[in-house]
Number of protein chains: 2
Amino acid sequence: MSDSPTPLPDGREMQLVHLLRAVTVEFDLRGAEFAAGHGLHPTDLRALIFLLDADRAGTRATSGRLGAALRLNSAGVTSLVDRLERQGLVRRSRDDRDRRRVLLSVEPKAVDLGWSFFGPLIGRLVDAAAGFTTGELDVVHRYLSAALGAASEPEPAAQTPQGPDAAV
Amino acid sequence: MSDSPTPLPDGREMQLVHLLRAVTVEFDLRGAEFAAGHGLHPTDLRALIFLLDADRAGTRATSGRLGAALRLNSAGVTSLVDRLERQGLVRRSRDDRDRRRVLLSVEPKAVDLGWSFFGPLIGRLVDAAAGFTTGELDVVHRYLSAALGAASEPEPAAQTPQGPDAAV
DNA sequence: GGCTATTATCTCGCTCAGCGAGAGAATTGG
DNA sequence: CCAATTCTCTCGCTGAGCGAGATAATAGCC
């Protein structure tokens, strides 16, 4: 099967797939560069983004949820949070309702760091959207939502041996 | 500066930024899952994708170019290629024109593996594009191209200490 | 032709992210 | 109150990727 099983036409749809992939690669590259430039690992940045998202959404982030989102086991999460705590980016605190849990809260330094990463990128992306009508942006929104749904579908008979929740 | 410096309106443009980020996360997750399920590391998969792209484009991939694309130093590339070669996915061969170079060629097994990863994903993405007119897909294409350009711009005074080429 | 500078890859030794196994502490349900 | 479960942490280990330097081939200079 060393060739296309279904002779997919390399038309507009395929071009979009390649574009999406290119955007993904580019985002990852920016993230890795930013992380390296600030003495972090890509995983640290991913964790920070997850925690900042949770912070903005008002969700209480725990070690467990972080691990599920990043697909790390508990030992990995412990060393990850140790790392972030050592850098003064997050703070651990026991959950008083369930004292087994460790709540993670981001420090202002983390928020600043997040902004210094996303700020310029967001700025350029918003600028890039300037040449489109609101109707066109709606179309893009519809497409990206559909693409996200398509990408999120798990493989048919693949391995989903993970826990109950997960998913960033 | 623990709050938005420019009070960016959380309008359509921002929603698109979040969607793009979500798509990136989802793609990465799929890649990591696929890699883990096949005894590879995310880096191995990224390398494979790079090599398959080069193969389809007719470019002769070398260890050096692979390292530049993946931001690995030479030692890392050596062990990466060792790994891929051990799995029967790529083959090393000396370039006869410049016998310092090592050309990397993908084995059929790698092509199959690539298809088994991208095939279903592409299928679902193409399906997701079915509900759009060609005009609308053109709009999406324009937007994604613009977004790719925006994401590719290097940070103003950031570190770009890498070599001349790079970029997957 | 040799002779040096440059380029491309590999080897060695090391650091540290993340895993598996299991311990410890708190919760829930009987 | 006791067992089963849940959440996090500790310990020891594997291996990806780095820095430094060795090796080999090429290109430029005289």
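Note on naming: letters A, B, ... go to the chains in the order of the sequence lines (proteins, then strands), and numbering restarts at 1 for each one.
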Query raised in the report: Earliest and latest nucleotide of DNA chain D, 5' to 3', sitting under 4.0 Å from a non-hydrogen atom of chain B?
Result: D:dA16 to D:dT26
**Report entry** Step-by-step side-chain contact (heavy atoms from CB on, under 4.5 Å) determination, B:Leu80 to B:Leu70
**Finding:** CA-CA 11 Å; B:Leu80 165 63; B:Leu70 269 59; 3.9 Å; yes
Report task. Mark up nucleotides 14-19 of chain C, 5' to 3', with B wherever a protein heavy atom is under 4.0 angstrom from a base atom, S wherever such an atom reaches only the sugar-phosphate, and - elsewhere. Result -> ---SSB
**Report entry** Audit row: B:Arg56, B:Asp53, salt bridge (Lys or Arg N to Asp or Glu O under 4.0 Å) steps and yes/no
**Finding:** CA-CA 5 Å; B:Arg56 282 194 313 156; B:Asp53 279 352; 3.6 Å; yes
Query raised in the report: Has B:Arg30 got its NZ or CZ under 6.0 Å from the middle of the six-membered ring of B:Phe117, at an angle within 45 degrees of the ring axis?
Result: no
Report task. Measure from CG on B:Leu66 to P on C:dA8 and round the result to the nearest Å. Result -> 14 Å
Report task. Run the salt-bridge test on B:Glu107 and B:Arg91 with the 4.0 Å N-O cut-off and return the result as yes or no. Result -> yes
Query raised in the report: Donor-acceptor pair, A:Arg94 side chain versus A:Leu103 backbone, under 3.5 Å?
Result: no
Query raised in the report: Between A:Arg100 and A:Asp98, does a salt bridge (Lys or Arg N to Asp or Glu O under 4.0 Å) hold up when you go through it step by step?
Result: CA-CA 6 Å; A:Arg100 292 168 304 181; A:Asp98 183 341; 2.7 Å; yes
Report task. Heavy atoms only: give me the nearest B:Leu144-A:Val23 pair and the separation to one decimal. Result -> O-CG2, 4.2 Å
Query raised in the report: Looking for any heavy atom pair under 4.0 Å, which part of the strands does B:Ser63 touch: base, sugar-phosphate only, or nothing?
Result: sugar-phosphate
Query raised in the report: Within the side chain of A:Gln87, is there an N or O that forms a donor-acceptor pair under 3.5 Å with the backbone of A:Leu84?
Result: no
Query raised in the report: CZ of A:Arg92: more than 12 outside heavy atoms within 6.0 angstrom?
Result: yes
Mind listing the N/O atom pairs, protein and nucleotides 25-30 of chain C, below 3.5 Å?
from	atom 1	to	atom 2	distance (Å)
C:dT27	OP1	A:Arg99	N	3.4

Query raised in the report: Is the Lys NZ or Arg CZ of A:Arg65 less than 6.0 Å from the centre of A:Phe50's six-membered ring, within 45° of the axis?
Result: no
